[in-house]
Structure formats: C-alpha cells, structure tokens
Amino acid sequence: MINVEKARVDRMLANNEIRTLITAIGCGFAEEWDVSKIRYHKIIIMTDADVDGAHIRTLLLTFFYRKMPELIEKGYVYLAQPPLYKVERKKKIEYVLTDGEMTSRLLFLGLDDMTVKRVNGEVFDNDQARRLLELLAEIDETSKAVERRGLSVKALLDARDANGVVPRYALVRGAGDDAKIEFAMDEAAFKARVAALQQELQTTIDIPTTQVETYHPTDQMEFRWLEMYRASLLRKQMESLKGMGFTVEDYLGESGTVAILEEDGSSQEVKNLPDLLEAVRARGRKGMSIYRFKGLGEMDADELYETTMDPARRHMLRVKLSDAVKADQMFSLLMGDEVEPRRKFIEDNALNVRSLDI
C-alpha cells in the first residue's frame, strides 16, 4: 500500500493494492465514481494490533478519506480490533486487545487476596493500591523510553533541581561505561555548555535551530546530545507519587523498606517502588500463559474467527467524520510532503504518546 497523499494519480493507479481495492468495492473511481454500485456496506480494515498494523491502517484510511470520502461519510468503513495477547489461565483462554488492558489484568489478578501496607502499618484499600500500581506502570513505561536513549531514570532524577525539575538535555562524551554525561535544564543552558566545549576543545558541534538531534552512542562518536522529551512527564509522575505519600527516594530505593506485601499470613518487604510493581505483576502472571501475537498470520483459522471475525464476538469501530476541516488538516500534516510542520507536531505532542511500540 502506498501513501496516496504524496503519490501522483498515475503512480497510485499503478499500485496493485489500490487497483484491487477499487475493483472489489465496485464504485469505480474519479469520473466513473458511483456509490450506488457499492458491493459491500461494511468495508473492514483488518490489520495487526501492533505499530506495523497501525501504519498500514493509516495508509488505507488516507486512501479512503482522500479518494473515496463518501464511504466514510455514509459509515461504510470499519476498523477491526484484533487482540494483541492470548492469555490462558486455569484452562480458560481469554484474548486481550491492548498493552494497557494487559497491564490492568495483571494488576487486578496480582492484588487479589493481597494486602499492601506502608511501613507505618497503614493499609491501602483496593482502589488506592490499584491507583498506585497503575501510576508505577506509567513510570515504568517512561523509564523504558529514557533507557532507549542510553540514560537511566535514576541519572535524570539525581540531576533534578531543588524544585524537582528534571533536566531536558544531556550531553554525552564517550560511550558505554566510560561515558561522561552532563545535564542541562533548558535549551539555552545546553547551547551555552556546548559553546563552551567548542571553545575548550577547539572543535565544532553543529546544533540545529529547531531541535537537538538524538544519536545512538558509538565508540567513534566524541559527542552525542539527547533531548529528553519525557523529562516533564517524569516530573509530573513523581509529583503524583508524592501526592500518594511517597518520595523520589522511595522510588529509587534509597530510603529503606517502602512497603510490605501480606498474603496468607506471610509478608514480604519491598525496598523500592519498581520492585512493588514487579512483585504484583509476577503474582498476576502466576499460573498464566501469555502469548503476544505479532500478526494475524500467526493465528490459526479458529483463532482468527473467534477473536476478530465472528459477528457475535468481534470488536469493530466505525470510522466517523465528525470534523471534515480538522481531518483534512491532520491528513495533510501527517501524511503530506511538508516535513517541518510534521516535525513540530511530533515535538509538541511527544509527551502525549501512550501507545508507542518500539
């Protein structure tokens, strides 16, 4: 499937997938378009549940919106919702649609008949414990994103200022265990430090005016610089943790025992909050087999029918056009030829991402 937002009409019509779609739907194309000739009143986009499937789904939606918008206006276009996980527990099989639903399921099962206490003996009720663990799961996702940049959440938190502000930029010299890292709170401080290094080392480090580039470390690189888009999100998450009575030191395991788990007369001391999350998750996974589908092609015929195609049990979303002007702008922004507006959109909205699959 090609991106019709960028492709010329002749190149688009030379694409086998597009030609097959036009033929199958039966309404013709361009001057020959006649929606009354449609062969199907449910056109279902069925792609994998991961990020690759989302990419293909976006290309298909771009085609329908740009070249056959009447299909969307009439409510003929649907999105299938295949599961991302297959879960087997006590000989019972369930299918889970998203990572978020999977996390919630593990936390729910992990907390069953388990008590979470503070060190002072105060007991969390089920709602309090669930909210705490959901917050810790969000922080865990943030930690993984930071680690993909070659840093650690501990390093960022250790570099926070007196107001709890986490640095936005990092300048890294070297790689691996020998790397030396300097943090800067904002772009002005970061550029000032780089300028000082340029003068000190008599070298040139190019810094783009729109954003600081991100490089993966290699032994050949004398410098690399990172912009931590998650810094402000991490600060907000730590403030939420503080609102629940815990400190950054509790999270990092620098304050001794932070919680006690009790179950069937036994107890377990937890030294940091990530360990609390993992202990509950591990208990939720006990006796459970979890299989993550990488694609619909991994399912056998029965699984595919049961999870995604059976009209009695399938999940589908109807594609609606609630605001044509906004939709037009968004397709042009995200799928068009102009790079700079798309880059700005990504920078402005990076912290809002909740389903990035890397």
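Heavy atoms only: backbone and side chains are in, while hydrogens, waters and symmetry mates are out. A quick note: this is a predicted structure, and the numbers were derived from the prediction, not measured. Start at 1 with the first residue, then count along the sequence.
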request  = State whether the number of non-hydrogen atoms from other residues, nucleotides or ligands found under 6.0 Å of R11 atom CZ is greater than 12.
outcome  = no

task = State which residue, out of R235, K236, K242, fulfils the salt bridge (Lys or Arg N to Asp or Glu O under 4.0 Å) condition with E239.
result = R235

Lys/Arg N to Asp/Glu carboxylate O, R160 vs E249, below 4.0 Å = yes

ask   = In terms of hydrophobic clusters joined by side-chain contacts under 4.5 Å, are Y78 and V35 together?
value = no

ask   = In Å, rounded to the nearest 0.5 Å, how long is the span from CG of L234 to CG of L157?
value = 5.0 Å

message = Could you check whether D310 pairs with R313 (Lys NZ or Arg NE/NH1/NH2 to Asp/Glu carboxylate O, under 4.0 Å)?
response = yes

request  = Grab the two heavy atoms, one from D48 and one from R57, that are nearest each other, plus how far apart they are.
outcome  = O-NH1, 4.1 Å

ask   = Any ion pair linking E141 and R230 (charged N to carboxylate O, less than 4.0 Å)?
value = no

ask   = Is the number of heavy atoms from other residues, nucleotides or ligands within 6.0 Å of CD (E32) greater than 12?
value = no

task = Kindly work out whether a path of hydrophobic side-chain contacts (I/L/V/M/F/W/Y, heavy atoms less than 4.5 Å apart) joins L252 to L132.
result = yes

task = Enter the distance from S240:OG to I139:CD1 here, rounded to the nearest 0.5 Å.
result = 8.0 Å

ask   = How far apart are the closest heavy atoms of V146 and S152, and which atoms are they?
value = CG1-C, 3.9 Å

task = Search all heavy atoms of G75 against all heavy atoms of R318 and return the closest pair with its distance.
result = O-NE, 3.2 Å

ask   = Just wondering, are more than 12 heavy atoms of other shown residues or ligands nearer than 6.0 Å to CG in N126?
value = no

ask   = Thinking salt bridges, do D140 and R281 make one under a 4.0 Å N-O criterion?
value = yes

inquiry  = One thing to verify: whether E147 and K144 come together as a salt bridge, which I'm taking to mean a side-chain N less than 4.0 angstrom from a carboxylate O.
reply    = no

inquiry  = How close do G53 and T47 get, counting heavy atoms only, and between which atoms?
reply    = O-OG1, 3.0 Å

message = So which atom in M185 and which in V165 form the shortest heavy-atom distance, rounded to 0.1 Å?
response = CE-O, 3.6 Å

request  = Supply the atom-to-atom distance C27 SG to I38 CD1, rounded to the nearest 0.5 angstrom.
outcome  = 4.5 Å

query = Is there a chain of hydrophobic side chains (I, L, V, M, F, W, Y, each step under 4.5 Å between heavy atoms) that links I25 to M12?
reply = yes

inquiry  = Considering only residues two or more places apart or on different chains, which pairs with a residue in residues 86-140 satisfy ring pair (Phe, Tyr, Trp, His ring centres under 6.0 Å)?
reply    = none

task = Using the ring of F246 (Phe, Tyr or Trp, six-membered ring only), decide whether R118 places NZ or CZ under 6.0 Å from its centre and within 45 degrees of its axis.
result = yes

query = Should E303 and K86 count as an ion pair when the cut-off is N to O under 4.0 Å?
reply = yes

Worked check of salt bridge (charged side-chain N to carboxylate O under 4.0 Å, His left out) between E182 and R193 = CA-CA 9 Å; E182 296 182 53; R193 180 58 185 133; 2.6 Å; yes

inquiry  = Give me each pair satisfying salt bridge (charged side-chain N to carboxylate O under 4.0 Å, His left out) with a member in residues 251-265, each pair once, sequence neighbours excluded.
reply    = K117-E262, K154-E254, E263-R283

I18: which of N15, N16, T20 passes side-chain contact (heavy atoms from CB on, under 4.5 Å) = N15

Basic-acidic side-chain contact under 4.0 Å: E94, R105 = yes

query = At what distance, to the nearest 0.5 angstrom, does CE of M46 lie from CE of M316?
reply = 11.0 Å

ask   = Using 4.0 Å as the upper bound for N to carboxylate O, is an ion pair formed by E88 and K92?
value = no

ask   = Quick one: are I22 and R19 in side-chain contact, heavy atoms under 4.5 Å?
value = no

task = Would you please name every residue forming a side-chain hydrogen bond (donor to acceptor under 3.5 Å, both in side chains) with E306, sequence neighbours left out?
result = none

request  = Rounded to the nearest 0.5 Å, what's the gap from CZ on F183 to CG on L156? Could you check?
outcome  = 5.0 Å

inquiry  = Quick check: Y65 with F63 (ring centres under 6.0 Å apart)?
reply    = no

key: D186/Y169 under side-chain hydrogen bond (donor to acceptor under 3.5 Å, both in side chains): CA gap, chis, key distance, verdict   = CA-CA 7 Å; D186 54 38; Y169 298 92; over 6 Å; no

key: Spatial distance of atom CD1 (I45) from atom CG (L79) [nearest 0.5 Å]   = 5.5 Å

